[in-house]
Amino acid sequence: MERMSDARGLVVGNWKMNLDFVEAVHLIQQIGVVLRHQPVGHTDVVVAPPFVDLRSVSSVLEADRVPVTMAAQHVNAYDAGAHTGEISLAQLTRLGVTQVIVGHSERRTLYAMSDDVVRATLLTVVRGGLRAILCVGEDLEVRNAMEHDAFVAGQLRHALEPLTPVQRSLVTIAYEPRWAIGTGRSATSDEVRAISAHVRLVATELGMEGAPLLYGGSVSPENAAELIGQGVNGFLVGGASLKADSFLAIVRAVDDCYAELR
Ligand code: 13P
């Protein structure tokens, strides 16, 4: 494995449009109790609750000193103003959000988020000094045509080219093939290994050698231990992040892998 011994794992739970603020508090308290009593030493844990849950979740993180940080699932590219229904980076920062997911495939496909809007949003996040989790990934048609490498490279270059080297250092890349999201059909180990190598090549061309790389798409406690050995630094987890048990089992699998590298 090419990782350095001081490298850390990363697991991000994307709660999507699930859990009201009462349910969110319950889940983060459960996660907090376990992580405080059995801390993970080599893995950063992040949750991305819906906007309306952020304030409640941050209160629990602070009050219970839970070793978890908060990401937002999306942000508007503009700073402020007449954008009814949207949320700005300044508003998220004020709530204690330190990372933002940018260009999730559900935003791209269901809400027409174009490559240009992804790029503008990414720039807004890193200009504001927050970390961005840039999502890329192909649909089944592209995968079946064996064009996924070129497709993903195109998404990465388009989003990352305008950024300065310092801004690029704030980016985590998340490869999430659309056909694996919420389907129960994760990419295979071979597929994850191959695309990881490819993404790292493109990242290196962009001066982002060693950028954190996540895999997302039907990650579960059953496949996490195997997938973490395939060149990624961790996972972006959807469905399995909604229950403390399954989320923490994935965190533990990543942490065990990093502990072994010491
Ligand atoms: P699932 O883990 O439910 O497939 O979702 C993955 C995802 O989209 C995380 O952002």
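For ligands, and for the atoms within them, numbers begin at 1 and follow the listed sequence. Source: prediction; values computed, not measured.
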Can a side-chain donor-acceptor contact be found between [Y] and [X] if the only test is distance below 3.5 angstrom?
| X | Y | answer |
| --- | --- | --- |
| Asp256 | His42 | no |
| Arg131 | Gln99 | no |
| Glu176 | His104 | yes |
| Glu138 | Trp179 | yes |

Heavy-atom contacts with [X] under 4.0 Å: which atoms of ligand 1 show up? List them by number with element.
| X | answer |
| --- | --- |
| Ala180 | 4 (O) |
| Gly239 | 1 (P), 2 (O), 3 (O) |
| Asn14 | 9 (C), 10 (O) |
| Gly217 | 4 (O), 6 (C) |
| Leu236 | 9 (C), 10 (O) |
| Gly182 | 1 (P), 3 (O), 4 (O) |
| His104 | 7 (C), 8 (O), 9 (C), 10 (O) |

Can you tell me if [X] contacts ligand 1 (heavy atom of the residue under 4.0 Å from the ligand)?
| X | answer |
| --- | --- |
| Ala240 | no |
| Ser241 | no |
| Gly216 | no |

message = I'd like to know if Asp255 pairs up with Arg252 as an ion pair, taking the criterion as any Lys NZ or Arg NE/NH1/NH2 lying under 4.0 Å from an Asp or Glu carboxylate oxygen.
response =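 No, Asp255 and Arg252 are not salt-bridged.
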query = Hey, are Glu106 and Arg178 close enough for a salt bridge, meaning a charged N less than 4.0 Å from a carboxylate O?
reply =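 A salt bridge is absent here (no side-chain N lies under 4.0 Å from a carboxylate O).
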ask   = So if you build clusters from Ile, Leu, Val, Met, Phe, Trp, Tyr with side-chain heavy-atom gaps below 4.5 Å, do Val237 and Val136 land together?
value =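 Same cluster: Val237 reaches Val136 through Ile, Leu, Val, Met, Phe, Trp or Tyr contacts under 4.5 Å.
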inquiry  = When you group the ILVMFWY residues by side-chain heavy-atom contacts below 4.5 Å and let the links chain together, are Leu10 and Leu261 in the same group?
reply    =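 No: no chain of side-chain contacts under 4.5 Å links Leu261 to Leu10.
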In the protein, which heavy atom is nearest to [atom], and how far is it?
| atom | value |
| --- | --- |
| atom 5 (O) of ligand 1 | Lys16 NZ, 3.2 Å |
| atom 9 (C) of ligand 1 | Glu176 OE2, 2.9 Å |
| atom 2 (O) of ligand 1 | Gly238 N, 2.9 Å |

key: His26 atom NE2: more than 12 heavy-atom contacts under 6.0 Å   =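 Not more than 12 within 6.0 Å, no.
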